[in-house]
Amino acid sequence: MSEHEGHNVDYGAEQIQVLEGLEAVRKRPGMYIGSTSEEGLHHLVWEIVDNSIDEALAGYATHIEVIIEEDESITVVDDGRGIPVDTQKNTGRPAVETVFTTLHAGGKFDGDSYQVSGGLHGVGAAVVNALATNLTVTVKRHGNVYQQKYERGQILEDLEIIGDSDSTGTTVNFSPDPAIFIDTTTFDYSRLKGRIRELAFLNKGLSISIEDRREGQEQKDSYHYEGGIKSYVQYLNEDKEVLFDEPVYINTINEGVQVEIALQYTTEYRETFLSFANNIHTHEGGTHESGFRAGLTRVINDYARNMEFLKDNDDNLTGDDVREGMTAILSIKHPEPQFEGQTKTKLGNSDVRGITNRLFSAGFEEFLLENPQIAKVIVDKGILAAQARKAARRAREMTRQKNVLEISNLPGKLADCSSNDPEKCELFIVEGDSAGGSAKQGRSRMYQAILPIRGKILNVEKASMDRILSNEEIRSLFTAMGTGFGSEFDVTKARYHKLIIMTDADVDGAHIRTLLLTLIFRYMRPVLEAGYVYVANPPLYQVKQGRREIYMNSDEELEAWQTENPDARYTLQRYKGLGEMNDDQLWDTTMNPQNRRLQRVTYDDAEEADQVMSMLMGDEVEPRREFIEENATFVENLDI
Ligand code: 0RA
């Protein structure tokens with residue numbers, strides 16, 4: 001558009017563009033927020049919160065509040081500078097209006113009027129606005145309180161001054177549009193809370209809170225960590241036995257990239273490692289992770305050689321050795337992060353590998369030299385791990401010779417299906433021999449295979465690799481799946497594309513399910529990431545009305561039915577376990593693809609199970625049981 005055209009013309013054309021932009025968002029919301037499921041709904045909150053976080057990172061906002069209002073709308077409040085309200089040369093409109101009504105607002109602000117901070121490069125605010133029935137932005141700035149309201153992204157009135165104030169900040173309130181979020185517009189407090197706590201860990205010094213104002217659910221949690229990710233490591237290690245008190249903490253900047261690392265060792269065998277780039281959890285790793293790993297391995301080996309913990313003839317410690325028992329958080333902040341990979345959670349910037357390696361190595365080397373006692377503990381742990389690794393390799397070689405994990409060696413307990421088409425085949429892992437028997441009788445032989453698992457499977461938390469491999473139940477699971485184990489693991493060899501955990505709806509069932517999910521999370525992760533893992537949902541009650549049988553999966557369902565049928569005459573059976581159902585009932589209620597209710601296990605569900613498992617490894621049994629009972633649902637609803 002020409003610079004010389006009059007403002008009115010300009011404005012008209014701008015407005016048309018705006019409307020077209022918002023229409024595009026409403027037509028294809030998934031393109032902008034990933035999905036319109038519960039996940040997409042919560043994404044709206046993060047789009048708004050991210051902008052306030054950017055204002056905190058810029059050094060201005062110190063407090064952020066997220067509120068679920070009584071009417072299910074969301075309010076995000078920050079005490080930053082307030083979004084600029086001045087009229088922009090190129091649009092003739094207040095900057096804040098453009099932020100909320102124009103896609104790619106970033107590009108519009110390249111002029112000298114103001115420089116865009118991180119969050120506003122994105123299209124976040126306008127996208128949320130387009131997908132909200134109502135949105136109100138309130139800005140405190142220049143002694144005034146400014147406000148503008150929108151409906152489905154469209155401006156209701158010009159920005160107006162509604163009062164005065166001697167502070168600054170931005171408040172955004174919005175209601176998600178039920179016409180877009182068809183599944184649900186109900187926000188999940190604990191889901192928001194988890195990420196908000198994480199944001200507090202990742203942005204040290206920031207005060208951030210989440211509050212529920214819905215009737216009967218009123219609650220509030222506030223977070224503030226002076227220690228940042230160092231506090232995060234301490235939190236993750238809360239129920240573990242640590243090898244030294246204070247986590248190592250390194251925080252430096254180079255070439256505009258901030259690198260922050262906290263790490264601590266525990267008596268465990270496995271590594272707990274989370275990495276972030278610009279507050280985004282980089283599930284798939286990337287250059288920051290590989291720089292850190294390379295640095296860790298090299299610095300520990302150099303130190304061990306120099307101090308003669310490793311002699312001339314000794315092999316170097318491997319990366320796995322030096323990470324055994326380590327809990328570490330790596331968080332980098334980059335001015336232009338590049339996210340790659342299937343889920344866009346892999347950091348791609350190639351400069352970051354060297355920067356992270358150098359900054360971490362320098363800091364960590366200094367730490368080891370200054371803390372020789374801790375350094376020795378870390379090196380000893382690595383040497384022990386190397387010894388265990390060598391023993392495990394011997395055990396693995398033995399198992400390979402005997403071909404125990406080959407398909408030709410299918411476990412005797414497995415009742416396999418007759419089809420060879422993995423996409424159609426399902427493997428039910430069933431708790432107990434009696435339920436296993438009913439499942440074998442009731443199943444569809446063509447596509448459903450049954451693997452009964454007896455008692456508690458080995459708890460992978462405490463067990464090292466060689467013990468895991470020698471466990472009968474675990475071996476039969478890997479053998480049946482056909483994927484191999486460890487470095488030979490290959491998800492494309494999976495013989496079933498549904499791995500269905502079918503346990504009793506009681507405490508022990510929940511425990512076995514948690515154990516299985518932990519095992520899968522740690523040793524079969526690609527199967528999880530492929531979306532192959534499910535939990536069966538056996539009924540809790542049978543209501544018998546004459547010859548009619550109705551099954552209910554929860555107390556809530558039963559209560560709802562009883563309320564709807566106050567005069568019904570019926571008999572009620574509460575199933576204590578799968579074993580109490582005969583094969584027909586098990587098929588009808590839990591296995592038949594036509595009416596069963598499977599729940600797909602997500603990566604986050606399994607990760608949570610894994611963390612719960614770590615937490616539950618304390619010594620007392622009773623609180624552990626109670627916890628499992630209360631938190632036995634690590635699954636998102638998905639009817640299949
Ligand atoms: C750019 C410039 C200025 C403020 C902001 C962005 C800003 C954006 C958001 C989004 C949510 N909360 C926010 N707070 C501030 C101000 C520039 C100046 O005052 O000179």
F339 and A277: which non-hydrogen atoms are nearest, and at how many Å? CZ-O, 3.7 Å
Pair E529 + R525, salt bridge at N-O below 4.0 Å: no
Do C417 and Q448 have side-chain heavy atoms sitting under 4.5 Å apart? no
Student check: side-chain heavy atoms of K498 and C425 closer than 4.5 Å: no
In this structure, are over 12 heavy atoms from other groups packed under 6.0 Å from D490 atom CG? yes
Check: V233 and L263 side chains under 4.5 Å, non-hydrogen atoms: no
Would you indicate whether the side-chain heavy atoms of L131 and I33 approach each other to under 4.5 Å? yes
Enter the distance from M31:CE to K27:NZ here, rounded to the nearest 0.5 Å. 12.0 Å
Within this structure, what is the NZ-CD distance for the pair K193 and E198, rounded to the nearest 0.5 Å? 14.0 Å
Between Y447 and D421, is a side-chain hydrogen bond (donor to acceptor under 3.5 Å, both in side chains) present by the stated rule, with each step listed? CA-CA 8 Å; Y447 298 118; D421 181 357; over 6 Å; no
Basic-acidic side-chain contact under 4.0 Å: K413, E473: yes
Can you tell whether the side chains of R495 and D416 come within less than 4.0 Å, N to carboxylate O? yes
Using a 6.0 Å cut-off, check whether atom NZ of K346 has over 12 heavy atoms from anything other than its own residue. no
Can you check whether T343's main-chain N or O pairs, donor with acceptor, with E284's side chain at less than 3.5 Å? yes
Identify the two heavy atoms, one from N301 and one from L317, that lie closest to each other, and give their separation to 0.1 Å. OD1-N, 2.8 Å
Students often mix this up, so state it plainly: with edges at 30° and 60°, are the rings of Y232 and F276 parallel, tilted or perpendicular? tilted
N/O donor-acceptor pair under 3.5 Å between Q338 side chain and G348 backbone: no
Any salt bridge between E271 and R522, counting N to O under 4.0 Å? no
Please assess T282 against E289 for the test side-chain hydrogen bond (donor to acceptor under 3.5 Å, both in side chains), listing each intermediate value before the final yes or no. CA-CA 9 Å; T282 34; E289 273 198 16; 5.0 Å; no
Evaluate the side-chain proximity of L274 to E607: yes if any heavy-atom separation is below 4.5 Å, no if none is. yes
Compare all side-chain heavy atoms of L41 with those of E39 and state whether any distance is below 4.5 angstrom. no
Without hydrogens or angle criteria, can the side chains of N237 and T327 be said to hold a donor-acceptor pair below 3.5 Å? yes
Can a donor-acceptor pair be found, under 3.5 Å and without considering hydrogens, that links the side chain of N553 to the backbone of N537? yes
Does F292 offer a backbone N or O that forms a donor-acceptor pair with the side chain of N357 under 3.5 Å? no
Give a yes or no answer on whether the side chain of Y265 reaches the backbone of V322 with a donor-acceptor pair at less than 3.5 Å. yes
Are the side chain of T483 and the backbone N or O of V491 linked by a donor-acceptor pair below 3.5 Å? no
Determine whether the aromatic ring centres of W561 and Y570 lie less than 6.0 Å apart. yes
Nearest 0.5 Å please: distance from the OG1 atom of T272 over to the CZ atom of R270. 4.0 Å
Gap separating the CG atom of D320 from the CZ atom of R293, nearest 0.5 angstrom: 8.5 Å
Salt bridge (charged side-chain N to carboxylate O under 4.0 Å, His left out) against D321, all qualifying residues, sequence neighbours excluded: R389
For the CD atom of E268 and the CE atom of M326, what is their distance to the nearest 0.5 Å? 13.0 Å
Residue pair T479, L414: steps toward the side chain to side chain contact (heavy atoms under 4.5 Å, CB included) verdict: CA-CA 10 Å; T479 312; L414 176 76; over 6 Å; no
Expected output: side-chain D183 to main-chain S37 donor-acceptor under 3.5 Å: no
We want to know whether D188 and S190 form a side-chain donor-acceptor pair, criterion being a heavy-atom distance below 3.5 angstrom. yes
So F428 and L586, side chain to side chain contact (heavy atoms under 4.5 Å, CB included) or not? Walk me through it. CA-CA 12 Å; F428 283 83; L586 195 58; over 6 Å; no
May I ask you to decide if G437's main-chain N or O and Q441's side chain share a donor-acceptor pair within less than 3.5 Å? no
So, for Y235 and F201, is the gap between ring centers shorter than 6.0 Å? yes
For R596 and T589, indicate whether the former's side chain and the latter's backbone hold a donor-acceptor pair under 3.5 Å. no
Salt bridge (charged side-chain N to carboxylate O under 4.0 Å, His left out): which pairs involve residues 583-592, sequence neighbours left out? none
Side-chain heavy-atom pair Y534, R600 within 4.5 angstrom cut-off: yes
Does the distance from a Lys or Arg side-chain N to an Asp or Glu carboxylate O, for E580 and R574, drop under 4.0 Å? no
Less than 6.0 angstrom separating the ring centers of Y523 and F489, yes or no? no
How long is the gap from NE2 on H42 to CG on L192, to the nearest 0.5 Å? 4.5 Å
Is there side-chain contact between E47 and H43, with heavy atoms separated by less than 4.5 Å? yes
Please assess E557 against R597 for the test salt bridge (Lys or Arg N to Asp or Glu O under 4.0 Å), listing each intermediate value before the final yes or no. CA-CA 14 Å; E557 243 177 274; R597 282 196 274 179; 3.1 Å; yes
Between F485 and F478, what is the ring plane arrangement, given parallel below 30°, perpendicular above 60°, and tilted in between? perpendicular
Carefully, step by step, assess R353 and S290 under the rule side-chain hydrogen bond (donor to acceptor under 3.5 Å, both in side chains). CA-CA 6 Å; R353 185 174 310 150; S290 59; 3.1 Å; yes
